[in-house]
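Following: one structure in structure tokens, then a few remarks.
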Amino acid sequence: MRYTQYLLPTLKENPADAEVISHQLMMRAGMIRKVAAGIYNYMPFGLRSIRKMEQIVREEMDRAGAIECLMPMANPAELWQESGRWEKYGKELLRFKDRKETEFCMGPTHEEVITDIVRNTVKSYRQLPLNLYQIQTKFRDEIRPRFGLMRGREFIMKDAYSFDTDDAGADKAYDRMYQAYRRIFQRCGLKFRAVEADSGAIGGSFSHEFMVLAESGEDAIVSCDACEYAANVEKAELIYRNQLTPVATAELQKVDTPAQKSIEEVAAFLKLKPSQLVKTLIIQTSADEVLAVLLRGDRELNEIKLANLLGVDWALMAEDAVVQKTTGAPTGFAGPIGLNIRVIADREVRGMADFVIGGNAVDVHYTGASLGRDFEVGQFADIRQAVGGDPCPRCDCGKLESWRGIEVGHVFKLGTKYSEAMNATVLDDSGKARTLVMGCYGIGIGRTVAAAIEQNHDENGIIWPLALAPYQVLVSMVNPKDDAVREAAEQLYRQLGELGIEVLLDDRDERPGIKFKDADLIGLPLRLTVGARNLKEGKVELTQRASGEMSLLELGEAATRVRQLVAEALDAD
RNA sequence: CGGAGCGUAGCGCAGUCUGGUAGCGCACCUGGUUUGGGACCAGGGUGUCGGAGGUUCGAAUCCUCUCGCUCCGACCA
């Protein structure tokens, strides 16, 4: 492609509304343009990356035995009513009516439609197992779209759905997808972790998230430094081996803590560490219960673990008014003594004694408190957030390290949630109807490209992994008005094209500075610079974007050298 | 949806408090000089000041309503 005939609108300055690096760089490199909140045009240069990502996904899905299909964006309400999600999904589901007033939604995911396909076309266990996938534009009317392609409302996703007659088959399908996902993200050249995850609203029995490691990631994950264990902190289990029951040595004592509300304030005021306090959180649940939760002072509650433990949809910190009513004190002074609601303590608290708790009165705390003697706890459970340094729940020697990650893929074992609701069954070998066991597997295409940039950039621009680069090499003619330079660059462009290399020729009549800045910004892995100075010696310059490494090549050898480098990089995957 | 903020040229912004002919930088167009890391000279075009209503002799500026966008929180590929 010739730059002068292309549309590659680069920007010198960052758009004001772009917060994260990948969004800024995708805008500046002319990959995307915003149409509305969370809705983007894929400009030619950006689309090439998207297509490459799709192709990698397609190849690996096919290799894993999945079959491509394409389902509609517009879904009839009927199917969603059948699964019960028409009511449950909430405002994120964009609903509309056709001219006959029939209700539809834009598909945010396609479990209903795929289940409808399979129940209508698959009747016998002999047609199974089956794994169908599509690469499709989804729409989720997010409350707060942000970060460009990282969290759009309209976005391209690969979603696959597996169907089996039994659990064992479903587990195999899950494992195949898990392995395929590993290959996909490896081929993209990304640093990632597959982590155990909470299966969330989509439901199902277990799931893994694929996280691209990046500082700007929205998710916190932990992984063991000794074994394979890795999990989203929302899910990460904590373990207390050989936990000792400590002996109380201190007397319970009421102390004045004037206006000392937060854990940090109270700890500083009493000249103690936050870990010597026990905090009491008043929690409200979707089942309309108010209860108290005890955690070591420096720990965070994991609301998802708590909600799962209680079997409720959500469990959140209660509003101030509820706290006041329940404890008789404003927030900041809650304590377990004298509360007449259910008390659940984090298991870590069982190993504590002589700690500080709130006094359930303004400006009052207790020191020297201990379990059993001063108050009773109804239940001990794992309800806190894991942090770096916690022991690994799987192996004996490991410690957890913490990371930030961008969720680019998610595999779920769904079980029979949808097949049961929508009556998707096949006849087994004894002629009995069996409910299908399903799995679903998503990859955010645009998000993965954004994550790749998030992980591969410097202050000058993008540093494309070869597998996702819109073009593999840039041929830059320093001065197109110099006939020798122009001819040499044209010759390279032709040769590279003939060798099957994806090449962009910068034939613009611009100053070298502009061309080099743009080259760094758009970040193609290789750059051949053709300038009068080196050409006099019959040489051109090859620059590797990632390392900055420069070398001079004979004009005649440059094309084959580039092909060799491209082939090596792609083979390495 | 709760809280905060912003809408002025293609992009980045000033001007709004204190009403009086709509500005700056970059980009863009023409001519010339320049050509290995975002050049220089000369000339040029560019706006329903987000929209509607109101106050006023006069509104980008004050008032009311509205729409859009961004940021912080809970949800997700």
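Letters A, B, ... mirror the listed sequences (proteins, then strands); counts begin at 1.
- Nucleotides B/C6 and B/A14, compared at atom P, are 10 Å apart to the nearest Å.
- For A/Arg151 against B/C75, a side-chain N or O and a base N or O form a donor-acceptor pair under 3.5 Å.
- A/Asn534 contributes a side-chain N or O that forms a donor-acceptor pair with the base of B/G36 under 3.5 Å.
- Nucleotide B/A59 forms no Watson-Crick or G-U wobble pair with any nucleotide shown, as no partner meets the under 3.5 Å limit on both distances.
- For A/Asn14 against B/G12, a side-chain-to-base donor-acceptor contact under 3.5 Å is absent.
- Across B/G19 and B/C76, the matching C1' atoms stand 49 Å from one another, rounded to whole Å.
- Checking B/C1 for Watson-Crick or G-U wobble geometry (two distances, each under 3.5 Å) identifies B/G73 as its partner.
- Within 4.0 Å (heavy atoms only), A/Arg486 reaches no atom of the nucleic acid at all.
- For B/U35, the OP1/OP2 oxygens have no side-chain nitrogen or oxygen of A/Lys515 closer than 4.0 Å.
- Comparing B/A39 with B/C26, their P atoms are spaced 11 Å from each other, to the whole Å.
- A tilted orientation is assigned to the rings of A/Phe210 and A/Phe192, their planes being inclined by 30° to 60°.
- Of the candidates A/Trp86, A/Phe104, A/Tyr89, A/Trp80 forms a ring-ring contact (aromatic ring centres under 6.0 Å, His included) with just one, namely A/Tyr89.
- Scanning atom types as modelled, no donor and acceptor separated by under 3.5 angstrom connect the side chain of A/Arg508 and the base of B/G38.
- Using a 4.0 Å heavy-atom cutoff across all strands shown, A/Glu13 reaches at least one base atom of the nucleic acid.
- A/Arg511 places its CZ atom 16 Å from the C1' atom of B/A27, with the value rounded to the nearest Å.
- In this structure, A/His23 atom NE2 and B/C69 atom P are separated by 13 Å, rounded to whole Å.
- Residue A/Arg146 has its side chain nearest to B/C71 when only B/U35, B/G25, B/C71 are considered.
- Between A/Leu504 and A/Leu8 there is a side-chain heavy-atom pair separated by less than 4.5 Å.
- Closest approach to the A/Val478 side chain among B/G36, B/U70, B/G12 is made by B/G36 (side chain taken as heavy atoms from C-beta onward).
- Taking the 5.5 Å centre cut-off and the 30° plane limit, the aromatic side chain of A/Phe516 is not classed as stacked on B/G38.
- When rounded to the nearest whole Å, the span between NZ of A/Lys481 and P of B/U35 equals 11 Å.
- Mapping A/Glu303 and A/Gly442 onto RNA chain B by nearest heavy atom places A/Glu303 at the nucleotide closer to the 5' end.
- You'll find a donor-acceptor pair under 3.5 Å spanning the side chain of A/Glu541 and the base of B/G36, going by distance alone.
- A close approach under 4.0 Å does not occur between any side-chain nitrogen or oxygen of A/Arg144 and OP1 or OP2 of B/U70.
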